[in-house]
A.B. asks: 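Please see the structure below; I have some questions.
Please read these numbers as outputs of a predicted model, since none were measured by experiment. What you see below is based on every heavy atom in this structure, not just the backbone, and it leaves out hydrogens, waters and symmetry mates.
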Amino acid sequence: MKKFFAVLMLVGLWSMPVEAGVEDNPQWLALGHYRPQLFGQIESTIDTPNFFLAEDGKVNPKSELEATIALFEENKDIDKICIFPARYKFLKAQGLVTQDFPKCEEFEDFKKDLHPAGVTLLFTDAYMNNPSSLFGHTLIRIDTSRKGTQLLAHGVNYGAFTAGQENAALFAILGLTGGFYGGFTVKPYYDIINTYNNIENRDIWEYSLDLSPEELDMFVAHLWEVGQTQTRYFFFTENCSYMLMEILDAVRPSLKLADDFPVQAIPLDTIKAVKSRKGLVKNVNYRPSRQSKIRYRFKQMNDKQKEAFYAAVLEQNWALEGLENDEKADVLETAYQYVQYQYIAKDLDLKEYRKRSFKSLKARSKIDDVPHFAEHDEGKPPHEGHDSMRMVLVVGNRNGEAFQEVQYRPAYHSLTDDNFGFLRGAEINFLNTTLRHYDNRNKTVLQKLDLVGIKSLSPADLMFMPTSYTIMADIERVYNPENEKEGYAFNLKVGGGYTYALSDNVWIYSMNSLYASYGGFLPHNQWGGIGIAGGIYADFGKWRLLAEAEKVFATSHFAESMKYSAEAALTLTKNSALALNYKYQVNYGHNIDEFMTSLRFYF
């Protein structure tokens, strides 16, 4: 009889969620990572089968709920129960399970290792040497309750398992089409700082989240659940940033962060979404990279200090003649940081690093004066920058013929866009589409489709020698002077060079590039070439200027050209700007003289 009533009780408990509609509870849906699909159905983002207890659990939150309650109430498969501490917390709060949660040693060790005291969302600057990090990167720090620095905390990172294909052309195809799987990893925060701040020289912004103790417990419990899963990785959608939004939604469903990103999830946009939720962010902290610190300290030096600094780090002359002791203190502090940078960048072996470090510290020990330089400036918060999508309305004139244009760019930033909150000198444009209407011909055409446009200008000096580069791939409507017809050609441009800073605001650069073009209406259907270019880039905050001259030598006289271009933009508001463009191109039988005025809108 007792068994009979026990069975009745369990059947009643398992049927309660169906009657009460708990399967539609926002937190249950968030814990299962269920998201609405294109045609109204629902499906979990998680692709690992063992994350689901019901056979149709990936697409049926009701079946998954019933199977989860059954697992906890039967209380037999302890190993499986220990995988789902967050689900248990939710169901216990709903009064849908009666059994106690078992002792799970691995989960308890996980929590003990973390010593969680809070959660901080991190944003790192774009890393132009890695295609997976062109838009920046987001991850999470689980703040520690241990005494001392947060360097003892742990970082939570979601990323693609690329098997060493980060820099291969295949990465773009697989990353866009879900060819990689992604997953969560947890590692010490000092490793993350070393990777992003010191090795890759990326600034980090820390957004401390205001979570209650219960929400913190739920975060750790759900992290344990998803830490054993994988999902299809999509570069623009289900990426490092989006998956963190789903995690935070599982902790506090009212945030609805994932709802903001039905089409694409740019890391910077997810930071803005988090910052926009009232009461979610407690404070923001800026952690500049080692290179940023060195550059900022160098900017504070007078001319004599700069000469002494170069003599020390380049010629190993630590006398620092002609400086006062307080000036020497600042130079030596900066020089020691630079020696550390050289070693981390593998410009020095361990023996030479120890030798130079000893000399700099020995010279510093003889001076009692305290350094005066500030370690870094306040930085420019990325969440205050312009939005990543851009629409441009254009009126212009090409060889005497008026035209109008509409341009749409899904992502992300151009050199003449307002650089506040962005990595200065970095241009990353994807799928920028241009539709043009010519008045005289009353004709509308697809003028250009920029598949990808990357340009990195990074000033080189005696301390740092980064390579500036450009990668452009587009489909453009071009004119063939031999048959006086227009048609489409696929164009590829890859180039490299160096940039030099004339001042903080004005840079000049030179680049050599390789060209390739293919189109059915082109002479011989294709051509290749070499370009030699020089340009100037000026950024005065509210207005920017980019001007360039390039000579192209090509295998076809059709493509031989001399190109001149200039682009200026004036910021009107954070998400709007006025721009002027001029282009003059001299080539075989058909020069191009084009002027455009445009309004840019960011959203």
A.B. asks: Do S357 and Y336 come within less than 4.5 Å of each other through their side chains, counting heavy atoms only?
C.D. replies: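 Side-chain contact under 4.5 Å: yes.
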A.B. asks: So, for M511 and L457, which heavy atoms are closest and what is the spacing to 0.1 Å?
C.D. replies: CE-CD2, 3.7 Å
A.B. asks: Does Y412 offer a backbone N or O that forms a donor-acceptor pair with the side chain of R409 under 3.5 Å?
C.D. replies: yes
A.B. asks: Answer yes if the ring centres of F309 and F298 are under 6.0 angstrom apart, and no otherwise.
C.D. replies: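 Ring centres of F298 and F309 closer than 6.0 Å.
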A.B. asks: State whether the side chain of D418 and the backbone N or O of K574 hold a donor-acceptor pair below 3.5 Å, judged by distance alone.
C.D. replies: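 Judged by distance alone, no pair lies under 3.5 Å.
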A.B. asks: For A265 versus T270, what's the shortest heavy-atom pair and its separation?
C.D. replies: CB-CG2, 4.4 Å
A.B. asks: So is R202 actually on top of Y196's ring, under 6.0 Å and inside 45° of the axis?
C.D. replies: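 Cation-pi check for R202 and Y196: fails.
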A.B. asks: List the atom of S388, the atom of Q264, and the distance in Å for their closest heavy-atom pair.
C.D. replies: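 Looking at all heavy atoms of both residues, the closest pair is OG-NE2, 4.1 Å.
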A.B. asks: Quick one: do M463 and Q291 satisfy side chain to side chain contact (heavy atoms under 4.5 Å, CB included)? Show the steps, please.
C.D. replies: CA-CA 10 Å; M463 287 187 291; Q291 187 179 107; over 6 Å; no
A.B. asks: Roughly how far apart are D269 CG and M389 CE, rounded to 0.5 Å?
C.D. replies: 7.5 Å
A.B. asks: To the nearest 0.5 Å, how far apart are OG1 in T195 and CG in N201?
C.D. replies: 11.5 Å
A.B. asks: Strictly under 6.0 Å, is that where the ring centroids of H383 and Y207 end up?
C.D. replies: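 They qualify: ring centres under 6.0 Å apart.
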A.B. asks: Checking the side chain of K272 only, and the main-chain atoms of G385 only, is there a donor and an acceptor separated by less than 3.5 Å?
C.D. replies: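 A pair under 3.5 Å: yes.
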A.B. asks: Any salt bridge linking R297 with E333? Criterion: basic side-chain nitrogen under 4.0 Å from a carboxylate oxygen.
C.D. replies: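 Looking at R297 and E333, the cut-off is not met.
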A.B. asks: Is a side-chain donor or acceptor of T555 paired with a backbone partner of G528 at a separation under 3.5 angstrom?
C.D. replies: yes
A.B. asks: Does atom NZ of K362 have more than 12 heavy-atom neighbours from other groups under 6.0 Å away?
C.D. replies: no
A.B. asks: Where is the tightest heavy-atom contact between I192 and G155, given as atom of each residue plus distance?
C.D. replies: CD1-CA, 3.3 Å
A.B. asks: If we count only N and O atoms by modelled type, under 3.5 Å, do the side chains of T571 and R544 hold a donor and an acceptor together?
C.D. replies: yes
A.B. asks: Surrounding CG of L572 (heavy atoms of other residues, nucleotides or ligands, distance under 6.0 Å), is the total greater than 12?
C.D. replies: yes
A.B. asks: Measure centre to centre between the rings of H386 and H413, then say whether the value is under 6.0 Å.
C.D. replies: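 Ring-ring flag for H386/H413: true, centres closer than 6.0 Å.
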A.B. asks: Identify which one of D461, D377, D504 satisfies the salt bridge (charged side-chain N to carboxylate O under 4.0 Å, His left out) criterion when paired with R295.
C.D. replies: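 Filter result, single survivor: D461.
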A.B. asks: Closer than 3.5 angstrom, by distance alone: can the side chain of N302 be matched with the main-chain N or O of Q305 as a donor-acceptor pair?
C.D. replies: yes
A.B. asks: Between D203 (side chain only) and S289 (backbone N and O only), is there a donor and an acceptor less than 3.5 Å apart?
C.D. replies: yes
A.B. asks: Show your reasoning for whether side-chain hydrogen bond (donor to acceptor under 3.5 Å, both in side chains) applies to E405 and Q407.
C.D. replies: CA-CA 6 Å; E405 274 185 4; Q407 300 175 14; 2.9 Å; yes
A.B. asks: Shortest non-hydrogen contact from L332 to S360?
C.D. replies: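 Minimum heavy-atom contact is CD2-O, 4.3 Å.
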A.B. asks: List the steps and the verdict of salt bridge (Lys or Arg N to Asp or Glu O under 4.0 Å) for K380 and E384.
C.D. replies: CA-CA 8 Å; K380 297 178 179 178; E384 295 181 8; over 6 Å; no
A.B. asks: Out of the candidates K455, K583, K563, only one should pair with E548 under the salt bridge (charged side-chain N to carboxylate O under 4.0 Å, His left out) rule; please name it.
C.D. replies: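 Checked K455, K583, K563 against E548; only one passes salt bridge (charged side-chain N to carboxylate O under 4.0 Å, His left out): K455.
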A.B. asks: Give a yes or no on whether a salt bridge exists between K493 and E550, defined as a side-chain N under 4.0 angstrom from a carboxylate O.
C.D. replies: yes
A.B. asks: Look up atom CD1 in I475 and atom CG in N491, then write down how far apart they are to the nearest 0.5 Å.
C.D. replies: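 It comes to 9.0 Å.
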A.B. asks: Can you confirm whether more than 12 heavy atoms, excluding those of Y190, are under 6.0 Å from its OH atom?
C.D. replies: no
A.B. asks: Tell me if the centroids of the rings in Y564 and Y582 come within less than 6.0 Å of each other.
C.D. replies: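 Between Y582 and Y564, which both carry aromatic rings, the centre distance is not below 6.0 Å.
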A.B. asks: Answer yes or no: are there more than 12 heavy-atom neighbours, outside N283 itself, under 6.0 Å from its atom CG?
C.D. replies: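 Yes - once you tally the heavy atoms of other residues, nucleotides and ligands closer than 6.0 Å, there are more than 12.
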A.B. asks: Say you draw a straight line from CG of L257 to CG of L280; how long is it, rounded to the nearest 0.5 Å?
C.D. replies: 7.0 Å
A.B. asks: Could you check whether any side-chain N or O of R290 sits under 3.5 Å from a backbone N or O of K293, counting only pairs where one atom can act as donor and the other as acceptor?
C.D. replies: no
A.B. asks: For N325 and D369, work out which heavy atoms get closest and say how close.
C.D. replies: CB-OD1, 3.3 Å
A.B. asks: Taking NZ in K282 as the centre, count heavy atoms belonging to other residues, nucleotides or ligands within less than 6.0 Å. Is the count above 12?
C.D. replies: yes
A.B. asks: I want to know whether Y158 and Y242 have ring centres closer than 6.0 Å.
C.D. replies: no
A.B. asks: Parallel, tilted or perpendicular, judged at 30° and 60°: which one describes the rings of Y341 and Y338?
C.D. replies: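 The rings of Y341 and Y338 lie parallel, inter-plane angle below 30°.
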A.B. asks: Let's go through D539 and R424 carefully: what are the C-alpha distance in whole Å and the side-chain angles of both, what is the deciding distance for salt bridge (Lys or Arg N to Asp or Glu O under 4.0 Å) to 0.1 Å, and is it a yes or a no?
C.D. replies: CA-CA 9 Å; D539 181 359; R424 189 179 179 194; 3.5 Å; yes
A.B. asks: Would you indicate whether R146, at its atom CZ, is surrounded by more than 12 heavy atoms from other residues, nucleotides or ligands within a distance under 6.0 Å?
C.D. replies: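 Yes, the 6.0 Å shell around CZ holds more than 12 heavy atoms from other groups.
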A.B. asks: Among Y127, F123, F422, F235, which residue satisfies the ring pair (Phe, Tyr, Trp, His ring centres under 6.0 Å) criterion with F135?
C.D. replies: F235
A.B. asks: Any side-chain to backbone donor/acceptor pair from Q300 onto Y296? Under 3.5 Å, distance only.
C.D. replies: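 Yes; judged by distance alone, with no hydrogens or angles, the pair exists.
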A.B. asks: Quick check: Y233 with F180 (ring centres under 6.0 Å apart)?
C.D. replies: no
A.B. asks: CD1/I266 to CG/L268 distance, rounded to the nearest 0.5 angstrom?
C.D. replies: 9.0 Å
A.B. asks: Listing request: all salt bridge (Lys or Arg N to Asp or Glu O under 4.0 Å) pairs with a residue in residues 311-327, at least two apart in sequence or in separate chains.
C.D. replies: none
A.B. asks: Do S468 side-chain atoms and S458 backbone N/O form a donor-acceptor pair below 3.5 Å?
C.D. replies: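 Confirmed, S468 side chain pairs with S458 backbone.
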A.B. asks: Where the side chain of T149 meets the backbone of L151, is there a donor-acceptor pair that is under 3.5 Å apart?
C.D. replies: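 A pair under 3.5 Å: yes.
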A.B. asks: Kindly check if the number of other-residue, nucleotide or ligand heavy atoms within 6.0 Å of CG (D349) is above 12?
C.D. replies: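 Enclosed.
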A.B. asks: Check whether NZ of the Lys or CZ of the Arg K355 lies under 6.0 Å from the centre of the six-membered ring of F358 and within 45 degrees of that ring's axis.
C.D. replies: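 Because its charged atom misses either the 6.0 Å distance or the 45° angle limit, K355 does not stack over F358.
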A.B. asks: Less than 4.0 Å between a side-chain N and a carboxylate O, is that true for D330 and K328?
C.D. replies: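 Salt bridge flag = no for D330 with K328.
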A.B. asks: Measure from the ring center of H376 to the ring center of Y286 and say whether it is less than 6.0 Å.
C.D. replies: yes
A.B. asks: Before accepting this row, confirm whether a basic side-chain N of the pair R600/D417 lies closer than 4.0 Å to the acidic partner's carboxylate O.
C.D. replies: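 Here R600 pairs with D417 in a salt bridge, since their nearest N and O are under 4.0 Å apart.
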A.B. asks: Determine the sole option in T124, N239, N157 for which the side-chain hydrogen bond (donor to acceptor under 3.5 Å, both in side chains) test with H137 is passed.
C.D. replies: N157
